Amino acid sequence: MARLSGKFYRRDAVALARALLGQVLVRVGPDGVRLAGRIVETEAYLGVADRAAHSYGGRRTARNAAMWGPAGHAYVYFVYGMHYCMNVVAAGPEDPSAVLLRALEPLAGLERMRLQRAAGRAVVLPDEALCSGPAKLAQALGLDRAFDGADLVHGERLFLERGVRIPPTRIVAAPRIGVDYAGAWAERPLRFYVAGNPHVSRHFSR
DNA sequence: ATGACGATTTACT
DNA sequence: GTAAATCGTCATA
């Protein structure tokens with residue numbers, strides 16, 4: 001499978017959020033195990049103007065430094081005292097925009113994902129519960145702050161490969177999840193997902 | 001030094 | 001539907 005090039009990432013966050021649907025995220029585990037999933041849900045965060053973005057108002061801190069860096073790198077952050085979430089940095093330097101990966105359709109390493117998602121639970125999680133949420137997919141793939149700033153174009157442990165093209169007619173645009181504090185920005189249709197895909201996160205109330 | 005707050009998930013009523 | 005879990009980060013002082 002072909003690795004996505006640096007050029008793929010150098011576009012605005014909305015275009016990247018749409019283009020990422022259908023592509024394959026690959027994580028090579030410490031023991032060489034290949035964990036992979038097709039991206040089926042994303043959200044665009046539009047830089048300093050976007051009240052929902054960590055870079056809103058020009059905020060530039062140690063935490064969100066990766067957002068300000070070059071496109072094609074990962075921005076992994078820690079929230080709620082227990083979860084990690086992964087973004088793909090879009091555009092380029094001085095335009096801190098990124099795309100949050102919200103859900104994957106598991107393709108490889110399902111048993112390892114199940115193990116990493118189990119976390120002391122007795123029940124066996126169905127495939128649809130492995131990567132159907134930003135923190136779920138991070139946990140399934142074993143992503144943490146060690147991957148913050150990781151180069152997805154040249155890295156060996158975390159990268160993206162060319163998958164299938166999702167026709168625009170199969171892409172649904174909707175308001176982003178969990179950003180009600182962002183006022184009018186919370187209403188904008190910056191969440192994108194593959195229509196009817198069972199691995200999309202279940203959040204339809206608003 | 002302190003306190004409020006999450007780009008969430010899960011379990012429970 | 002509601003609430004708890006849980007802590008790094010950042011704004012304020």
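Just so it is clear, the structure is predicted and the values come from calculations on it, not from any experiment. A note on names: the letters A, B, ... follow the listed sequences, proteins ahead of strands, and every chain is numbered from 1. As a basis for the values below, the full set of heavy atoms in this structure was taken, side chains included, without hydrogen atoms, waters or symmetry mates.
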- Note on the structure: For A:R34, the side chain to side chain donor-acceptor pair (under 3.5 Å) test, sequence neighbours excluded, returns A:E161
- Task: Give a yes or no on whether the backbone of A:H199 and the side-chain of A:N197 come within a donor-acceptor separation of less than 3.5 Å.
- Result: yes
- Task: Could you tell me from which nucleotide to which nucleotide of DNA chain B, 5' to 3', there is an atom under 4.0 Å from chain A heavy atoms?
- Result: B:dG6 to B:dA11
- Item | Sequence-distant partners of A:V79, side chain to side chain contact (heavy atoms under 4.5 Å, CB included), two or more places apart | A:R63, A:Y77, A:H83, A:C85
Each nucleotide N or O in nucleotides 5-8 of chain C that has a protein N or O under 3.5 Å away: list the pair and distance.
from, atom 1, to, atom 2, distance (Å)
C:dT6, O2, A:Y80, O, 2.5

- Looking for any heavy atom pair under 4.0 Å, which part of the strands does A:R117 touch: base, sugar-phosphate only, or nothing? sugar-phosphate
- Message: Once side chain to side chain contact (heavy atoms under 4.5 Å, CB included) is applied, do any residues pair with A:R188, and if so which ones, sequence neighbours excluded?
- Response: A:L46, A:W185, A:L190
- Task: Kindly say whether A:A15 contributes a backbone atom to a donor-acceptor pair with the side chain of A:D12 at under 3.5 angstrom?
- Result: yes
- Message: Going by the rule side chain to side chain contact (heavy atoms under 4.5 Å, CB included), which residues pair with A:V28 if we only count those two or more places apart in sequence or in a different chain?
- Response: A:V26, A:R157, A:F159
- For the student: nearest non-hydrogen atoms of A:M113 and A:L141, plus distance: CE-CD2, 3.7 Å
- Message: Both atom distances under 3.5 Å, Watson-Crick or G-U wobble: I'd like the secondary structure of DNA chain C as a dot-bracket string, with | for pairs made across strands.
- Response: |||||.||||||.
- Which word best sums up how the rings of A:Y84 and A:F78 line up, parallel for under 30°, tilted for 30 to 60°, or perpendicular for over 60°? tilted
- Taking DNA chain C as the partner, which of residues 37-50 of chain A come within under 4.0 angstrom of it by heavy atom? none
- Sequence neighbours excluded, the answer for side chain to side chain contact (heavy atoms under 4.5 Å, CB included) partners of A:P167 is A:T169, A:R170
- Would you say the side-chain atoms of A:R59 pair up with the backbone N or O of A:H54, donor to acceptor, closer than 3.5 Å? yes
- Query: With no hydrogens and no angle check, is any side-chain donor or acceptor of A:R38 less than 3.5 Å from a backbone partner on A:G22?
  - Reply: yes
- Which residues within residues 125-139 of chain A lie with some heavy atom under 4.0 Å of an atom in DNA chain B? A:G133, A:P134, A:A135, A:K136
- Task: Walk me through it: do A:T42 and A:Y193 pass the test side chain to side chain contact (heavy atoms under 4.5 Å, CB included)?
- Result: CA-CA 6 Å; A:T42 59; A:Y193 60 90; over 6 Å; no
- side-chain hydrogen bond (donor to acceptor under 3.5 Å, both in side chains) contacts touching residues 127-138 of chain A (sequence neighbours left out): A:R114-A:D127, A:S132-A:K136
- Task: Applying side chain to side chain donor-acceptor pair (under 3.5 Å), name anything that partners A:Y45, two or more places apart in sequence or on another chain.
- Result: A:E43
- Message: Could you check whether A:R112 pairs with A:D31 (Lys NZ or Arg NE/NH1/NH2 to Asp/Glu carboxylate O, under 4.0 Å)?
- Response: yes
